[in-house]
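Here's the structure we're looking at; comments come further down.
Proteins come first, then strands; the chains are lettered A, B, ... in the order of their sequence lines, and each starts at number 1. Heavy-atom basis, side chains included; hydrogens, waters and symmetry copies ignored.
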2 protein chains.
Amino acid sequence: MVGRVLGVLDAFSAEHPVLTLSELSRRAGLPLSTTHRLVRELTERGALERDADGRYRIGLWLWEVASLAPHGAGLRESAMPFLEDLYEATHQHVQLAVLDGSEVVYVERISGRNAVRIQSRVGGRLPVHATGVGLVLLAFAVPEWQERVLASPLKRFSPRTIASPAELRRVLANVRRDGYAISDGQIEPEVLSVAAPVYGEQDTVVAALSIVVPSEGTDPRTLVPAVRAAARGISRALGAPRAVRVSGGAHWETL
Amino acid sequence: MVGRVLGVLDAFSAEHPVLTLSELSRRAGLPLSTTHRLVRELTERGALERDADGRYRIGLWLWEVASLAPHGAGLRESAMPFLEDLYEATHQHVQLAVLDGSEVVYVERISGRNAVRIQSRVGGRLPVHATGVGLVLLAFAVPEWQERVLASPLKRFSPRTIASPAELRRVLANVRRDGYAISDGQIEPEVLSVAAPVYGEQDTVVAALSIVVPSEGTDPRTLVPAVRAAARGISRALGAPRAVRVSGGAHWETL
DNA sequence: GAAAGGCTTCCGCTCAATGGAAGCCCTGGT
DNA sequence: ACCAGGGCTTCCATTGAGCGGAAGCCTTTC
């Protein structure tokens, strides 16, 4: 029964954010009358809303509840000022993502009007191996998880996508060594991102911060200090011991 | 049954974003074993997550689904660049809110590190009569709804809260005449906000944009043009005819 | 007008949800 | 060490709430 309720919610997607009752029934694989009953209750409660054409969409109440997710208010609230700083310095896409399975989920993004077009969407997912934030999150994930991803097929999006386990393994080692990742043309040929890890209270990597710019005419290394500084700032705001320690001055972190 | 699932979700709040099973059971008013069963299914699906201490919180999957709400991705995506502009100009709180019942719901906010402390929270609510965005949203709501709010008790938060229907009625008329609202010290004595309406495709007010600053040393009227311009920009991005029409030059809107 | 598709409502049936109870574990107090 | 209280986890007999086929209405298209 819970599964059916959640199945109805799962019928919505970025491609289909608004659906008729029949579409919901088909996408959720439920009989029409069952769907109707569920949808009516969900709508009465505000989890779904119905527009003037009788179509359904996700409702405000559900969004309010979901805003309580740790990846919502907590992380976002702490990160926002630093995302701002980074955005002001560059006026390019600045985004924050977390790891879920073998994908990253974008939890915040600041984009300028004239920034390069990118594939990510707040609330959306992309594979971990093909994105800057993904490389960072994977590099600092538990080794078992890294091996799991390395043992899975790596989907190719462009000629420059990291598609072999050996190459990915090498890149991950570089990320750990350097403390940042550069992803160039892995999905969109003209798009490059520089990403750095965000640490939480337990000094584990809980998110990744990246900036996304046009590949053309950009030396990614000029962006690294700013991205890392902003990521450090967020880590400190999240209470990460390693990020606080640096201000002591004597003990520089060894990577 | 749907009610029970949603009741569990509704047990979470900004004050209690993380709950034990027993707390959930109590807050949702359900027997422990029922709660346990529901919570387990919700957790398996990712709607809830369980931390290392065995406590539950809202999960990433639910947040992803909820990001599809029109108040999430759609409005936010269009509004973000304009919120950015306004933030860059002022480095004070910039926020976007929508109307729900007699309350506003904050759907986006950009805050600086040194900005004045405010009561609102993304995903949170405040009464419509005591906030700048609320005054705007109410002033342009359907008259029936305005009357409904005017006929309800107006809670007082500070000596300057609008607490009489006559005063609120006058303020709303001023908002409609001027095209913006100023709310000064209605909740927090030292906090002032300037808000302007955001129009959607049907040329109805679908959201309100505001900037929140310290009352001290601020002439709110100096902020009005910037707030209104940003709100106009968002309206245009949302496809509001009236916001596009202005660029024709000949037909200035009459308020 | 006919057909197709999209809803809305009804109702007999049944099985999955229910919740009390038992049991285990942990913590704090004496 | 023992006890009490609280927090979970699991079990299972019961039953009523959920189920879904069917009927009917409405809208659109040909």
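In plain terms, the two heavy atoms of B:L137 and B:L99 that are nearest each other are CD1-N, 3.6 Å.
Within the structure, every side-chain polar atom (N or O) of A:R4 is placed at least 4.0 Å from both OP1 and OP2 of D:dG18. For the pair A:S22 and C:dG5, the criterion of a side-chain N or O lying under 4.0 Å from OP1 or OP2 is not met. Neither OP1 nor OP2 of C:dT9 sits under 4.0 Å from any side-chain N or O of A:S33. Side-chain N/O atoms of A:R26 include one lying less than 4.0 angstrom from OP1 or OP2 on C:dG6. Here A:R37 reaches the OP1 or OP2 of D:dC19: one of its side-chain N or O atoms lies under 4.0 Å away. Between C:dG19 and B:T34, a contact under 4.0 Å exists linking OP1 or OP2 to a side-chain N or O. Phosphate proximity of C:dC7 to A:H36: absent, as no side-chain N or O sits under 4.0 Å from OP1 or OP2.
Rounded to whole Å, the distance from CG on A:L38 to P on C:dC7 is 15 Å. Atom CG of A:D53 and atom C1' of D:dC26 are 16 Å apart (whole Å). What separates CG of A:L32 from C1' of C:dT8 is a distance of 9 Å, to the nearest Å. Protein atom CZ of A:R50 is 10 Å distant from nucleotide atom C1' of C:dT8, rounded to whole Å. Regarding A:L21, its CG atom lies at a distance of 17 Å from the P atom of D:dT27, rounded to whole Å. Following rounding to the nearest Å, B:L30 (CG) and D:dC8 (P) show an atom-to-atom distance of 15 Å. When rounded to the nearest whole Å, the span between CD of B:E23 and P of D:dG6 equals 13 Å. C:dC7 atom C1' lies 15 Å from atom CZ of A:R55, rounded to whole Å.
Between A:E77 and B:R109, at least one side-chain N (NZ, or NE/NH1/NH2) sits under 4.0 Å from a carboxylate O, which counts as a salt bridge. The existence of a salt bridge linking A:R125 and A:D100 is confirmed by a sub-4.0 Å separation between a basic side-chain nitrogen and an acidic carboxylate oxygen.
Between A:M80 atom CE and A:L75 atom CG the span is 11.5 Å, to the nearest 0.5 Å.
Comparing A:V2 and A:R40 by the nucleotide of DNA chain C whose heavy atom lies nearest to each, the residue mapping closer to the 5' end is A:R40. Along DNA chain C, the nucleotide closest to B:P31 and the one closest to A:Y56 are compared, and the more 5′ of them pairs with A:Y56.
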*Passes side chain to side chain donor-acceptor pair (under 3.5 Å), B:E64 versus B:S67? Steps please.*
CA-CA 5 Å; B:E64 285 179 67; B:S67 294; over 6 Å; no

